[in-house]
Number of protein chains: 2
Amino acid sequence: MALEHAILVSLLEKPGSGYELARRFDRSIGYFWAATHQQIYRVLKRMEGEGWIDVREVAQQERPDKKEYSVAALGRAALSRWLHEPIEPESVRHELAVKIRGAAFDDPAALIREVERYRQTHADRLARYLAGERRDFTGPQAPVPDAPDAGRELQHVVLRGGIAYERMTVAWLDDVLATLKGLAPGH
Amino acid sequence: MALEHAILVSLLEKPGSGYELARRFDRSIGYFWAATHQQIYRVLKRMEGEGWIDVREVAQQERPDKKEYSVAALGRAALSRWLHEPIEPESVRHELAVKIRGAAFDDPAALIREVERYRQTHADRLARYLAGERRDFTGPQAPVPDAPDAGRELQHVVLRGGIAYERMTVAWLDDVLATLKGLAPGH
DNA sequence: GTCACCATGTAAAGCGTTACATGATTGT
DNA sequence: ACAATCATGTAACGCTTTACATGGTGAC
C-alpha cells in the first residue's frame, strides 16, 4: 500500500491538482507505479483529511478551477517514516509467463503473434526512455562536483533501471520467439 | 484477472490439492504469479462450481484427507480461450523506485542498508534459479531432435526469463548503491 | 512441550477496476 | 456537429491482504 507515498513524492517534486497527478501517473511516475484518476482522487481526499497535504483553490482563466495540493509537515513525516520501513519483496504478476507455460497444452505457435506485439510495446517503451535520458540527463551536469543535485541523480538511476528492464525484456522476448518458432518448424 | 488460469496451468502440469497448489505458488509458478492459500481455496470453489475442474476425495494414511483437483474439459476450453486473448500491458509496482525518488527529500544514505538487503534477496533468488536450471535443464535433451518436449522447452524459456530478470536487477542495484554512495561521500 | 507441517476454511477491511456522470473550452 | 482536453467526482463490484480458526501427525 504505497499509492499515497508515490503521491507524496510526486507532490514534493512539484505541487499540482488531482488531474495533473493523474497525467504524471501516465508518464514519469507511472512507469513504475500505475494509478487511475479515480484512485488518485479518493486517496487525495483521505490524505487531506489526515492533514498530510494542504489544498489551495486556484482560479484559472478559460479553464475550470483546480485544487492545487502540496505536502504538509505531517505528510513529510509520513513519507520519512515509510522510507525507513524495510522493503518487502514485491509480488510478481507475469501474465505472459503463465501463458507460455499454458501454451504447452494448446498450440504454441498461436502465441507467436502476441509475443511479437508484446515485444513491440517494450521496444517502444525502451526508445521512449532513451529519448528521455538524452533530453534530461545529458549535457551540463551540476556545476560543482562536490554538490551534485541529489534529486536529479536519483531520478536518473531510476530511469536507468527502467532502461535496463526494457532491454532485458526485449532480449528475453527474442529468446521466447526463437523457442516458439523452434517448436513449430515451418512458420 | 488470471489466477484461475495460472491454477489451470498448474493443475494440467500435475493435479493436486489446494494446499499443494499453495506450495507451488510459493515456488515454481509463484515466481511469476503470487497467490496465498486463501485466494486459492476461494477460486478453486468457484472453478468447481463452473465445472472447470473435477474433485476427488483422497483418503490418506496418517494425514488429513485431501481434495485432489484436476482440469475438466470446460477448464481446458477456458484456458484455450484465455490463451487466444490479447496480452494487456501489465501495471507495474516498483516500490523501491518510489523510495529512491523519495530519498531526495530525506536522507539518501539511509537507504543504503535497505538496498543492500534487497540486493541480497535477488542474488539469492538468482542462485536458486541457476541451481534449478542445472538440475532440470542440463543433460540429455529429448532423444529425437525432431520431437522435442514442448512443455520442457517452454518451462525452460520461462526460467531463463527469471534468470535474466534477476541478473538485471542485481546489476541495477549495484548501480543504485554506487549512486547513493556517490551522493553521501564518507559512508 | 513446542514447533513445523499437512489441510481447509471464514471474516473484515482495504484496494483496484470499470462504468457512469457533469460541464466548459478549443480545434477540425 | 464531434472529438479532445481540462477538471472533478460517485457507485458497484471484485480482488487482495491480514487476521483468526480448527485439528491431526511427526520431529527434537
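Chain naming here is simple, since letters A, B, ... match the order of the sequence lines and numbering starts at 1 in each.
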Examine dT8(D): is either OP1 or OP2 under 4.0 Å from a nitrogen or oxygen in the side chain of Lys45(A)? Give yes or no. no

State plainly whether one hydrophobic cluster holds both Phe105(B) and Ile112(B), where clusters connect Ile, Leu, Val, Met, Phe, Trp and Tyr through side-chain heavy atoms under 4.5 angstrom apart. yes

Please figure out whether Val43(A) or His37(A) has its closest DNA chain C nucleotide nearer the 5' end. Val43(A)

Just how far, in rounded Å, is P of dA7(D) from CG of Leu44(A)? 14 Å

Below 4.0 angstrom from OP1 or OP2 of dG23(D), is there any side-chain N or O of Arg63(B)? no

Rounded to whole Å, CD1 of Ile40(A) lies from P of dC6(D) at a distance of 14 Å

Atom pair distance, as rounded to whole Å: CD in Glu4(A) and C1' in dG14(C): 11 Å

Looking at Val158(B), is its backbone amide N or carbonyl O close enough to the side chain of Arg101(A) to form a donor-acceptor pair, meaning the two atoms are under 3.5 Å apart? no

Test salt bridge (Lys or Arg N to Asp or Glu O under 4.0 Å) on Glu20(B) and Lys66(B) and set out the steps. CA-CA 10 Å; Glu20(B) 283 161 354; Lys66(B) 66 173 181 179; 2.8 Å; yes

Distance check needed: dT17(D) C1' versus Glu90(A) CD, whole Å only. 15 Å

So what does Gln60(B) hit on the nucleic acid, given a heavy-atom distance under 4.0 Å: a base, only sugar-phosphate, or nothing? sugar-phosphate

Ranking Lys66(A) and Arg42(A) by the position along DNA chain D of their nearest nucleotide, the one closer to 5' is Lys66(A)

Tell me the interatomic distance from Gln38(B), atom CD, to dA11(C), atom P, rounded to whole angstroms. 14 Å

Regarding Arg93(B) and Glu90(A), does a basic nitrogen lie under 4.0 Å from an acidic carboxylate oxygen? no

Taking transitive links into account, so neighbours of neighbours count too, which hydrophobic residues share a cluster with Met168(B) at under 4.5 Å side-chain distance? Tyr165(A), Met168(A), Tyr165(B)

Side-chain N,O (Tyr41(A)) to OP1/OP2 (dG9(D)) below 4.0 Å: no

What is the distance, to the nearest angstrom, from the CG atom on Leu3(A) to the C1' atom on dT17(C)? 14 Å

In terms of ring plane angle, is the pair His156(A) and Phe137(A) parallel, tilted or perpendicular, where the classes change at 30° and 60°? parallel

Separation of atom CG in Asp65(B) from atom P in dG24(D), rounded to whole Å: 13 Å

Identify whether Val43(A) and Ile53(A) are in the same connected component of the hydrophobic contact network (ILVMFWY, side-chain heavy atoms under 4.5 Å). yes

Comparing Ala35(A) and Ser17(B) on DNA chain C - which has the more 5′ nearest nucleotide: Ser17(B)

Short side-chain N/O contact to dC6(D) OP1/OP2 from Tyr19(A), under 4.0 Å: yes

For Val157(B), is there any backbone N or O sitting under 3.5 Å from a side-chain donor or acceptor partner on Trp172(A)? yes

Check DNA chain D against residues 94-102 of chain A and give the residues with a non-hydrogen atom under 4.0 Å, in numerical order. none

Thr179(A) and Arg160(B): side chain donor to acceptor below 3.5 Å: yes

Given Asp124(A), Asp175(A), Asp174(A), the one that forms salt bridge (Lys or Arg N to Asp or Glu O under 4.0 Å) with Arg119(A): Asp174(A)

Euclidean distance, atom NZ of residue Lys67(A) to atom P of dA7(D) [Å, nearest integer]: 13 Å

Base of dT16(D), side chain of Arg93(A) - is there a donor-acceptor contact under 3.5 Å? no

Does Gln39(A) put a side-chain nitrogen or oxygen below 4.0 Å from OP1 or OP2 of dT17(C)? yes

Degree of bending in the helix from dG1(C)-dC28(D) to dT28(C)-dA1(D) once both end axes are built from five pairs, to 10°: 30°

